[in-house]
Amino acid sequence: MAAPGCGALGLRSRGPGQCSGGLVTLVSKLFCSAAVSSKSLTAQQLAERLRAQKQEQKTKKEPVPTHPVQRRVRELVRFTQQLQRVHPNVLAKALSRGILHQDKDLVVINKPYGLPVHGGPGVQLCISDVLPILAKILRGHKAEPLHLCHRLDKETTGVMVLAWEKEVAHQVQELFRTRQVTKKYRAITVRVPVPSAGVVDIPIVEKEVQGQQQHHKMTLSPSYRMDKGKMVKVRSSRIAHVAVTQYRVLSSTLSSAFLELQPITGIKHQLRVHLSFGLDCPILGDHKYSDWNKLAPQKLPVGTLKKLGLEQSKARHIPLHLHARQLILPALGSRKEELNLVCKLPRFFVRSLRRLGLEMPNQDENGDNEARHLGAQ
């Protein structure tokens with residue numbers, strides 16, 4: 001008598017205000033098999049079967065690509081989307097496994113790619129959301145939430161400082177504001193800067209970009225311009241910000257370079273603007289600042305695309321290759337010595353270096369292994 005009853009269950013689930021879909025049918029089938037079987041299923045076993053069947057259906061829908069370019073694209077798409085599907089508890093645990101430094105005042109984490117620091121429109125998950133959970137993982141359920149000391153762009157990876165007390169957070173923020181913190185970044189650029197080392201000292205201002213896609217971008221607001229072959233000083237914009245960036249090329253090929261960047265100031269998107277509009281060498285994967293007039297996937301040379309194993313139509317999946325590698329904090333509170341914080345390159349960055357034929361200095365080597373240890377993606 002069990003089998004007819006099970007069949008009826010599947011039919012009765014499809015009524016007038018019903019949900020006529022697969023989940024009810026799937027559950028019905030599971031109950032049918034359970035009824036026919038001599039052993040009764042527990043709730044846990046039923047859930048496991050549901051998950052297994054859903055995974056099986058998903059696998060059937062997504063066949064493994066055979067073409068190398070298609071495999072590379074799928075790898076990049078999964079990479080850029082993975083953090084949008086993570087539960088806050090899972091993210092907090094991942095951050096706790098990748099802690100670079102911890103003492104009674106500070107916690108220093110390795111910020112993953114694609115994770116915004118603050119919430120906003122369309123943001124499902126951000127670092128500030130998981131700070132209470134991270135604090136409880138580190139100090140128990142009675143721990144107060146950690147506090148942000150500074151910010152990094154959503155697409156930037158690397159060293160990020162948190163504080164246990166709000167007062168300490170304010171002290172660290174003041175160190176950043178007064179430029180007492182040494183910051184060093186790593187970046188891969190499209191094209192090679194000339195000269196190979198120097199200082200970009202050009203103010204930056206935010207402007208609206210007119211066109212089909214109206215949007216705002218940071219851009220250069222130079223204090224000088226060329227007039228009939230002569231350098232002429234121009235009136236500076238009142239809303240422009242002083243912006244200074246030191247850079248040097250660590251290694252290069254004909255079409256790309258691996259750079260060390262040291263921002264002296266801390267203006268929004270400063271490194272990206274100075275490299276793209278100041279040196280004409282946009283950061284690999286910078287789809288916002290590679291072209292002033294539009295928001296579009298970065299256009300890459302054919303040789304670069306070939307090395308990366310991609311076609312131009314799939315370039316939009318390339319992540320921004322900008323990594324906050326090092327912070328040096330001066331003595332603070334009871335700590336009498338400066339704190340040197342270093343974070344190895346993430347795996348995707350190291351892979352791109354190898355694909356492009358760019359060499360890593362000794363201090364950056366083994367970044368892939370270290371990144372795996374730190375949980376960087």
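- When all heavy atoms of Pro193 and Cys281 are compared, the pair lying nearest together is N-SG, 3.5 Å.
- Legend: residues meeting side chain to side chain contact (heavy atoms under 4.5 Å, CB included) with Pro88, ordered by chain and number and at least two apart, are Leu125, Val130, Ile133.
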>> I'd like to know whether Tyr247 forms a side-chain contact (heavy atoms from CB on, under 4.5 Å) with Thr189, so could you lay out the CA-CA distance, the side-chain angles of the two residues, the decisive distance to 0.1 Å, and finally the verdict.
In response: CA-CA 12 Å; Tyr247 74 91; Thr189 60; over 6 Å; no
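- Judged purely by distance below 3.5 Å, without hydrogens or angles, the side chains of Ser352 and His321 pair a donor atom with an acceptor atom.
- Side-chain N/O atoms of His323 and Thr157 include a donor and acceptor closer than 3.5 Å.
- Side-chain contact between Phe258 and Val249 is absent, with no heavy atoms from C-beta onward closer than 4.5 Å.
- Not a single donor-acceptor pair under 3.5 Å links the side chain of Lys217 to the backbone N or O of Asn293.
- Summarising the geometry, atom CZ belonging to Arg151 is positioned 11.5 Å from atom OG belonging to Ser128; distances are rounded to the nearest 0.5 Å.
- Cluster membership for Val192 and Val190, using ILVMFWY side-chain heavy atoms within less than 4.5 angstrom, is not shared.
- Taking His274 as the reference, nothing meets the ring pair (Phe, Tyr, Trp, His ring centres under 6.0 Å) condition, with sequence neighbours excluded.
- Residues Leu152 and Tyr185 approach most closely at CD2-OH, 3.6 Å, considering heavy atoms.
- Not counting sequence neighbours, the partners of Glu206 by the salt bridge (charged side-chain N to carboxylate O under 4.0 Å, His left out) test are Lys268.
- Looking only at side-chain heavy atoms (C-beta outward), His241 and Thr265 stay at 4.5 Å or farther from each other.
- Although no hydrogens or angles enter the test, the distance criterion places no donor-acceptor pair under 3.5 Å between the side chain of Glu260 and the main chain of Arg248.
- When every heavy atom of Ala324 is checked against every heavy atom of Thr156, the shortest pair comes out as N-CG2, 4.2 Å.
- Nearest approach of Ala163 to Ala169, heavy atoms of both residues: CB-N, 3.6 Å.
- Counting heavy atoms from C-beta outward, Thr253 and Leu356 have side chains that stay 4.5 Å or more apart.
- In Gln246, the CD atom is crowded: over 12 heavy atoms of neighbouring residues, nucleotides or ligands sit closer than 6.0 Å.
- A side chain to side chain contact (heavy atoms under 4.5 Å, CB included) with Ile188 is found for exactly one of Leu322, Leu358, Leu320, Leu259, namely Leu358.
- The NE2 atom of His118 sits 9.0 Å away from atom CD1 of Ile127, with the distance rounded to the nearest 0.5 Å.
- Looking at residues two or more places apart in sequence or on another chain, you find a side chain to side chain contact (heavy atoms under 4.5 Å, CB included) between Glu208 and Gln210, Gln214, His216.
- Put simply, Leu327 and Ile264 are part of two different groups of oily side chains (I, L, V, M, F, W, Y) that touch within less than 4.5 Å, one to the next.
- When the side chains of ILVMFWY residues are joined at heavy-atom separations under 4.5 Å, either directly or via intervening members, Ile109 and Leu148 end up in a single hydrophobic cluster.
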>> Between Leu341 and Leu100, is the side-chain contact (heavy atoms from CB on, under 4.5 Å) condition met? List the steps.
In response: CA-CA 7 Å; Leu341 304 163; Leu100 304 172; 5.5 Å; no
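- Taking 4.5 Å as the limit, some side-chain heavy atom of Lys111 sits within range of a side-chain heavy atom of Val117.
- Of the possible donor and acceptor atoms, one in the side chain of Gln312 sits under 3.5 Å from a partner among the backbone N and O of Leu300.
- More than 12 heavy-atom neighbours from other residues, nucleotides or ligands sit within 6.0 angstrom of CD on Gln180.
- Here the straight-line distance linking atom CG of Leu146 with atom CD of Glu165 works out to 10.0 Å at 0.5 Å rounding.
- Under the 3.5 Å distance criterion, with hydrogens and angles disregarded, a donor-acceptor pair is assigned to the side chains of Asn340 and Gln326.
- By the side chain to side chain donor-acceptor pair (under 3.5 Å) test, Ser313 pairs with no residue at all, sequence neighbours left out.
- In this structure, Arg186 CZ and Leu345 CG are separated by 7.0 Å, a value rounded to the nearest 0.5 Å.
- Val90 and Val123 are assigned to two separate hydrophobic clusters, defined by single-linkage of ILVMFWY side chains at heavy-atom distances under 4.5 Å.
- The local environment of CG in Leu254 is sparse, with at most 12 non-hydrogen atoms from other residues, nucleotides or ligands closer than 6.0 Å.
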> Passes side-chain contact (heavy atoms from CB on, under 4.5 Å), Leu332 versus Val168? Steps please.
Replying inline: CA-CA 9 Å; Leu332 180 69; Val168 175; 4.3 Å; yes
Could you list the donor-acceptor pairs under 3.5 angstrom formed between side-chain atoms of residues 303-310 and any protein atom two or more places apart in sequence or on another chain?
none

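- Contact check for Ile204 versus His269: no side-chain heavy atoms found under the 4.5 Å cut-off.
- Using a 4.5 Å cut-off on side-chain heavy atoms (C-beta onward), Thr182 and Glu338 make no contact.
- Closest heavy-atom contact between Lys207 and Trp292: CB-CH2, 4.0 Å.
- The distance from the CH2 atom of Trp164 to the CG atom of Asp103 is 10.5 Å, given to the nearest 0.5 Å.
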> Between Gln298 and Leu284, is a side-chain contact (heavy atoms from CB on, under 4.5 Å) present by the stated rule, with each step listed?
Replying inline: CA-CA 8 Å; Gln298 187 178 46; Leu284 179 65; 4.0 Å; yes
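- Counting only heavy atoms from C-beta outward, the side chains of Asp105 and Gln171 never approach each other to under 4.5 Å.
- For the side chain to side chain donor-acceptor pair (under 3.5 Å) condition, no pair includes a residue of residues 136-150, sequence neighbours left out.
- For His287, there are no ring pair (Phe, Tyr, Trp, His ring centres under 6.0 Å) partners at least two apart in sequence or on another chain.
- Checking side-chain atoms of Ser276 against main-chain N and O of Tyr289 turns up a donor-acceptor pair under 3.5 Å.
- Side-chain contact between Leu339 and Leu106 is present, with at least one heavy-atom pair separated by less than 4.5 Å.
- For the salt bridge (charged side-chain N to carboxylate O under 4.0 Å, His left out) test, residues two or more places apart in sequence or in another chain that qualify with Glu174 are Arg177.
- Residues Val205 and Ile202 do not share a hydrophobic cluster, defined by chaining ILVMFWY side chains whose heavy atoms lie under 4.5 Å apart.
- Residue pairs that meet the side chain to side chain donor-acceptor pair (under 3.5 Å) test with at least one member in residues 191-202, sequence neighbours left out, are Arg191-Asp280.
- Rounding to the nearest 0.5 angstrom, the gap separating the CD atom in Glu359 from the CG atom in Leu353 is 10.5 Å.
- Among all heavy-atom pairs drawn from Ala143 and Ala135, the shortest one is CB-O, 3.5 Å.
- Within the 3.5 Å criterion, the main-chain N or O of Pro330 finds a donor-acceptor partner in the side chain of Arg335.
- Here the side chain of Thr245 pairs no donor or acceptor atom with the backbone of Leu271 at under 3.5 angstrom.
- Remark: Asp129 pairs with no residue by the side chain to side chain donor-acceptor pair (under 3.5 Å) rule, at least two apart or across chains.
- Annotation: side chain to side chain donor-acceptor pair (under 3.5 Å) contacts of Lys336 (sequence neighbours excluded): none.
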